[in-house]
Structures are given as C-alpha cells and as structure tokens.
A.B. asks: 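Structure provided below as structure tokens; questions to follow.
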Amino acid sequence: MMDKCNHATSIMEHALQLKGEGKDFFLSKQYEKATEKYQQAIDYIATGTCSTPFQSEADIVRITCLSNIAMCHYKNGNYAYAILACNDALEKGNTPSSDNIVIKLLYRRGMCHLLLSKLPEAKSDLMIAYGIDRDNVHVQKGLIELKDRMLVERDKQKERDLYSGMFSSGKVPAVKEVVNTTEENVTKDFHSSSSDNNNDKTYGSNSSGIGMNESPRLSSSMDDLAKGVTSEKVKTTTDFGQK
C-alpha cells in the first residue's frame with residue numbers, strides 16, 4: 001500500500017510540474033506548447049493514482065488543465081476545440097473544486113458559442129453562469145455582448161424579411177419609398193434607444209473587483225434574455241454536461 005501511495009505521489013508531482021510548464025508557455029503566449037503540456041499532465045494522471053486524498057487532487061488538476069486548454073484554444077481562435085475541452089471538464093462524473101471554476105468553464109464555452117454564432121447555446125451557458133454568481137463582471141459583460149449580437153441578428157432578419165416580401169409579391173416599391181421607410185425606422189430606433197443610452201452607467205466594484213450593482217443596461221439585457229426561461233432553475237454542477 002505504501003509503495004502504491006508513493007507511486008501516486010510521484011505521479012502527482014510530475015503532473016503538477018507539467019502543469020507549471022504549461023502555465024509558463026501560456027504566459028509567454030505559446031499557446032500550442034502550453035496545450036501540449038496541459039494534455040501531458042492529464043495523460044500522466046490517467047496512468048494511475050492512489051485513493052483519497054490523491055484522487056481528489058488528481059481530479060482538480062485534470063479539470064484545471066482542461067479549463068486552461070480551453071483558454072489556449074480560445075486564444076488561438078480554435079473555438080470549437082475550446083468548447084470540446086469545456087464539455088470534457090463539465091461532463092457528469094467530474095467534480096470541479098468550486099463554483100468559480102464552473103463559472104469560468106461556462107463563460108468560456110458561452111463566449112465560444114457566441115463567436116461561432118450559436119446564440120441559443122451561448123445564452124444557455126451565460127444564463128446558468130449568471131444564476132450561480134450574478135455579480136461576476138465577466139458574465140455580466142458577456143450577457144450584454146450577447147444581447148447586442150441578438151439585436152443585430154434580429155435587425156438582419158427584419159431586413160431579409162422585408163426584401164423577401166417585396167420580391168415574392170412581384171411588386172418592387174420605388175426607390176424613394178424604400179429610402180423613406182428606412183429613414184423612418186432609423187429615426188424610431190434612435191429615439192427609442194436614446195433614453196437607455198442616457199441612463200447607462202458603469203459597474204460598481206468592491207475589493208475583489210466584481211461589480212456589486214447591475215447597470216441599467218444589464219438589467220435590460222436580463223429582462224430580454226430571461227423571457228421563456230423564467231422558470232429555469234440553476235443546474236447543479238453535475239448537470240453541466242455535453243449537449
């Protein structure tokens with residue numbers, strides 16, 4: 001038993017060394033090399049560990065490395081691979097050490113979905129993260145960015161519907177009519193949004209750097225995004241699996 005535990009200790013020490021080397025590469029912006037080191041740490045842990053407390057420590061190191069791998073892929077613009085790493089870390093059976101790591105993973109996966117124009121998936125991840133910690137400034141900003149993107153997509157769809165209706169009816173309006181309609185819509189949008197812009201405030205903060213008060217713009221974002229999910233409960237850690 002002692003030999004087995006000594007072997008487990010040796011495995012953990014080497015895995016932590018590989019993780020540290022990965023961090024050094026990450027800080028020097030060598031993301032591919034950092035990914036390799038983090039993956040080596042994960043693979044080394046998989047060779048075998050002793051029972052508690054070594055297994056618990058091994059799980060923490062593995063999930064942290066997966067989170068770091070996701071960040072490396074994000075930095076390199078490999079958003080699909082980043083999502084896969086987050087899925088692996090959040091799958092059922094894993095036991096993230098704290099809500100903080102869960103929020104990080106959900107935020108990173110949500111932002112990757114957003115960058116891949118998968119807005120429903122981005123909304124799901126960011127809303128769950130927001131449910132865990134409403135004061136997390138990164139999640140707050142992510143939700144505002146999501147709302148802005150949804151508004152852009154809505155306007156694009158309106159424009160597509162407008163021109164689709166024009167040509168499907170066989171009646172193309174005069175150029176002057178189109179211009180007047182466009183100008184009228186722009187004027188309405190400007191006046192309806194001016195009050196929101198005048199009320200926009202910066203986030204409050206405390207010693208930890210996390211906003212304590214939601215800005216009016218975030219409140220508006222949450223009202224819009226929460227439609228249809230008002231009865232949704234915050235999922236437990238083990239519910240954050242691959243979808």
Side-chain angles (χ1 to χ4, degrees), residues 1-116 121 125-126 128-129 132-133 136-139 142 208-210 235-243:
M1 180 66 179
M2 184 62 69
D3 289 341
K4 186 177 181 181
C5 287
N6 288 337
H7 177 61
T9 301
S10 176
I11 289 176
M12 287 306 306
E13 288 176 348
H14 188 60
L16 289 171
Q17 178 182 342
L18 290 169
K19 178 174 173 285
E21 292 174 3
K23 181 178 180 180
D24 290 338
F25 280 125
F26 181 86
L27 292 175
S28 62
K29 300 183 179 181
Q30 300 182 66
Y31 302 123
E32 290 185 4
K33 291 184 177 180
T35 299
E36 291 176 2
K37 289 297 180 180
Y38 290 134
Q39 188 60 54
Q40 287 174 15
I42 293 171
D43 295 340
Y44 204 76
I45 290 172
T47 61
T49 58
C50 189
S51 60
T52 309
F54 293 98
Q55 187 61 54
S56 177
E57 183 180 359
D59 289 341
I60 293 172
V61 172
R62 176 177 178 274
I63 291 170
T64 302
C65 284
L66 284 169
S67 178
N68 293 341
I69 287 174
M71 192 61 180
C72 288
H73 286 312
Y74 179 88
K75 290 288 189 179
N76 274 336
N78 299 322
Y79 306 125
Y81 286 108
I83 290 172
L84 291 176
C86 291
N87 289 344
D88 197 3
L90 290 167
E91 69 181 2
K92 292 183 178 180
N94 282 335
T95 54
S97 57
S98 67
D99 283 346
N100 184 51
I101 187 67
V102 173
I103 292 170
K104 274 186 178 180
L105 288 163
L106 287 169
Y107 169 75
R108 289 171 183 173
R109 188 169 70 178
M111 295 307 292
C112 286
H113 281 310
L114 179 58
L115 289 165
L116 291 173
E121 291 88 345
D125 282 339
L126 292 173
I128 294 171
I132 298 172
D133 183 3
N136 188 291
V137 68
H138 298 294
V139 175
S208 63
I210 296 177
K235 301 180 182 178
T236 58
T237 296
T238 55
D239 287 332
F240 300 138
Q242 182 173 355
K243 300 179 179 179

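Small disclaimer: the values here were computed from a predicted structure and weren't measured.
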A.B. asks: Taking the side chain from Arg108 and the backbone from Ser67, do they hold a donor-acceptor pair closer than 3.5 Å?
C.D. replies: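 Indeed, once roles are kept as given, a pair shorter than 3.5 Å links the two residues.
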A.B. asks: Rounded to the nearest 0.5 Å, what's the gap from NZ on Lys19 to CG on Asn68? Could you check?
C.D. replies: 6.5 Å
A.B. asks: Could you measure the distance from the OH atom of Tyr107 to the CG atom of Asp125? Nearest 0.5 Å is fine.
C.D. replies: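 These two atoms lie 12.5 Å from each other.
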A.B. asks: In chain order, what residues pass the side-chain contact (heavy atoms from CB on, under 4.5 Å) check against Ala34, with sequence neighbours excluded?
C.D. replies: Phe25, Phe26, Tyr38, Cys72
A.B. asks: Who pairs with Lys29 by side-chain contact (heavy atoms from CB on, under 4.5 Å), at least two apart in sequence or on another chain?
C.D. replies: Tyr31
A.B. asks: The criterion is side-chain contact (heavy atoms from CB on, under 4.5 Å); which residues satisfy it with Glu32, sequence neighbours excluded?
C.D. replies: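 For Glu32 the side-chain contact (heavy atoms from CB on, under 4.5 Å) partners, ignoring immediate neighbours, are Asn76.
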A.B. asks: Mind checking the CD1-CG spacing from Ile128 to Leu106? Nearest 0.5 Å is all I need.
C.D. replies: 6.0 Å
A.B. asks: With a 4.5 Å cut-off on side-chain heavy atoms, are Lys75 and Thr35 touching?
C.D. replies: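 Answer no - side chains too far apart.
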A.B. asks: Taking C-beta and beyond as the side chain, do Val139 and Ile132 meet within less than 4.5 Å on heavy atoms?
C.D. replies: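 Side chain of Val139 against side chain of Ile132, heavy atoms only: no contact under 4.5 Å found.
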A.B. asks: Is the closest side-chain donor-acceptor distance between Glu91 and Asn87 under 3.5 Å?
C.D. replies: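 Judged by distance alone, the side chains do not pair up.
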A.B. asks: Using the test side-chain contact (heavy atoms from CB on, under 4.5 Å), find all partners of Asn100 that sit at least two apart in sequence or belong to another chain.
C.D. replies: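 Applying side-chain contact (heavy atoms from CB on, under 4.5 Å) to Asn100 gives Ser98, Lys104.
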A.B. asks: What's the separation between atom CD in Gln17 and atom NE2 in His14, rounded to the nearest 0.5 Å?
C.D. replies: 6.0 Å
A.B. asks: What's the separation between atom CD1 in Ile83 and atom CE in Met111, rounded to the nearest 0.5 Å?
C.D. replies: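 If I round to the nearest 0.5 Å, the distance is 11.5 Å.
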A.B. asks: Applying salt bridge (Lys or Arg N to Asp or Glu O under 4.0 Å), can you list everything that pairs with Glu21, at least two apart in sequence or on another chain?
C.D. replies: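 With neighbours one apart ignored, the set is Lys37.
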A.B. asks: Under the criterion side-chain contact (heavy atoms from CB on, under 4.5 Å), which of Val61, Asp59, Leu18 is the partner of Ile45?
C.D. replies: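 Exactly one option meets the side-chain contact (heavy atoms from CB on, under 4.5 Å) with Ile45, and it is Val61.
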A.B. asks: Identify the two heavy atoms, one from Ala41 and one from Ala15, that lie closest to each other, and give their separation to 0.1 Å.
C.D. replies: CB-O, 3.5 Å
A.B. asks: Rounded to the nearest 0.5 Å, what separates atom CD in Glu121 from atom CG in Leu116?
C.D. replies: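 Glu121 CD to Leu116 CG: 9.5 Å, rounded to 0.5 Å.
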A.B. asks: Give the intermediate values and the outcome of side-chain contact (heavy atoms from CB on, under 4.5 Å) for residues Asp99 and Asp133.
C.D. replies: CA-CA 9 Å; Asp99 283 346; Asp133 183 3; over 6 Å; no
A.B. asks: In sequence, state the C-alpha distance, the side-chain angles, and the governing distance for Ile69 and Gln39, and then conclude on side-chain contact (heavy atoms from CB on, under 4.5 Å).
C.D. replies: CA-CA 8 Å; Ile69 287 174; Gln39 188 60 54; 3.7 Å; yes
A.B. asks: Please list, chain by chain and in numerical order, all residues satisfying ring-ring contact (aromatic ring centres under 6.0 Å, His included) with His73, sequence neighbours excluded.
C.D. replies: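 ring-ring contact (aromatic ring centres under 6.0 Å, His included) list for His73, sorted by chain: Tyr81.
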A.B. asks: For the residue pair Tyr74 and Cys112, what are the closest heavy atoms and their distance?
C.D. replies: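 In this case the closest contact between Tyr74 and Cys112 is CD1-SG, 3.6 Å.
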